[in-house]
Amino acid sequence: FGDIVTFNYNINDLNGNTIYSLDELRTQQYAIDQEELFSGLREGLKIMKAGEQITFIFPSLKAYGYYGDEKRIGSNVPIISKVTLQSITKK
């Protein structure tokens, strides 16, 4: 709780088509459980170690749910995300 993680990720549909690229989403910093982030990514970051890269498949419930992101992700759309956790700063 409260650790700061630095990570980057992308979002693709199940066919591998890019929805949001690494360049668009840029490197992010996130305080674990203290900021908004979709639930699947929030849970995924908790199980990762610094330097790891994991490809997650998130069902819509763990991604953007019924409403989507109101831009490029529709309602009830599962996603694939390749996440790289660059560093963890302990609180």
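Side chains included, hydrogens not; waters and symmetry mates left out as well; all remaining heavy atoms used.
The CD1 atom of I79 sits 9.0 Å away from the CG atom of N12 when rounded to the nearest 0.5 Å. The NZ atom of K82 sits 5.0 Å away from the OG1 atom of T55 when rounded to the nearest 0.5 Å. Rounded to the nearest 0.5 angstrom, T6 OG1 and Q86 CD are separated by 6.5 Å. Atom-to-atom distance recorded for K46:NZ and F1:CZ is 9.5 Å, nearest 0.5 angstrom. With values rounded to the nearest 0.5 angstrom, I11 atom CD1 is found 7.5 Å from D69 atom CG.
Note on L45 and I80: separate hydrophobic clusters, where clusters join Ile, Leu, Val, Met, Phe, Trp and Tyr whose side-chain heavy atoms are under 4.5 Å apart, directly or indirectly. Linking ILVMFWY side-chain heavy atoms closer than 4.5 Å, directly or via other members, places I88 and I32 in a single hydrophobic cluster. Connection of I47 to L37 is established within a shared hydrophobic cluster, with ILVMFWY side chains joined at heavy-atom distances below 4.5 Å, either directly or through further cluster members.
In plain terms, the two heavy atoms of M48 and I54 that are nearest each other are CG-CD1, 3.7 Å. Minimum heavy-atom separation, F58 to A63: CB-CB, 4.1 Å. In this structure, A50 and S87 approach most closely via the heavy-atom pair CB-CA, 4.2 Å. K91 and Q34 make their closest contact through NZ-NE2, 4.0 Å (heavy atoms, listed as atom of the first residue, atom of the second, distance). Closest heavy-atom contact between S81 and N10: OG-O, 2.7 Å. Considering every non-hydrogen atom in both S60 and V77, the closest pair reads CB-N, 3.4 Å.
Checked by atom type and distance alone, the side chain of Y20 never pairs as donor or acceptor with a backbone atom of D23 at under 3.5 Å.
With sequence neighbours left out, D13 forms a salt bridge (Lys or Arg N to Asp or Glu O under 4.0 Å) with no residue at all. Partners of E43 according to the salt bridge (Lys or Arg N to Asp or Glu O under 4.0 Å) rule, which considers only residues two or more places apart in sequence or in another chain, are K62. For the side chain to side chain donor-acceptor pair (under 3.5 Å) test, no residue two or more places apart in sequence or in another chain qualifies with R42.
Within a 6.0 Å radius of CG in L25, more than 12 heavy atoms belonging to other residues, nucleotides or ligands are found. Within a 6.0 Å radius of CG in L22, more than 12 heavy atoms belonging to other residues, nucleotides or ligands are found.
Using a 4.5 Å cut-off on side-chain heavy atoms (C-beta onward), Y66 and N76 make contact. A heavy-atom distance below 4.5 Å is not found between the side chains of L61 and Y64. Contact annotation: the side chain of F7 approaches that of L41 to within less than 4.5 Å [non-hydrogen atoms, C-beta and beyond].
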Show your reasoning for whether side-chain contact (heavy atoms from CB on, under 4.5 Å) applies to F38 and I73. CA-CA 13 Å; F38 69 87; I73 302 172; over 6 Å; no
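Aromatic ring centres of Y9 and F56 lie farther apart than the 6.0 Å criterion allows.
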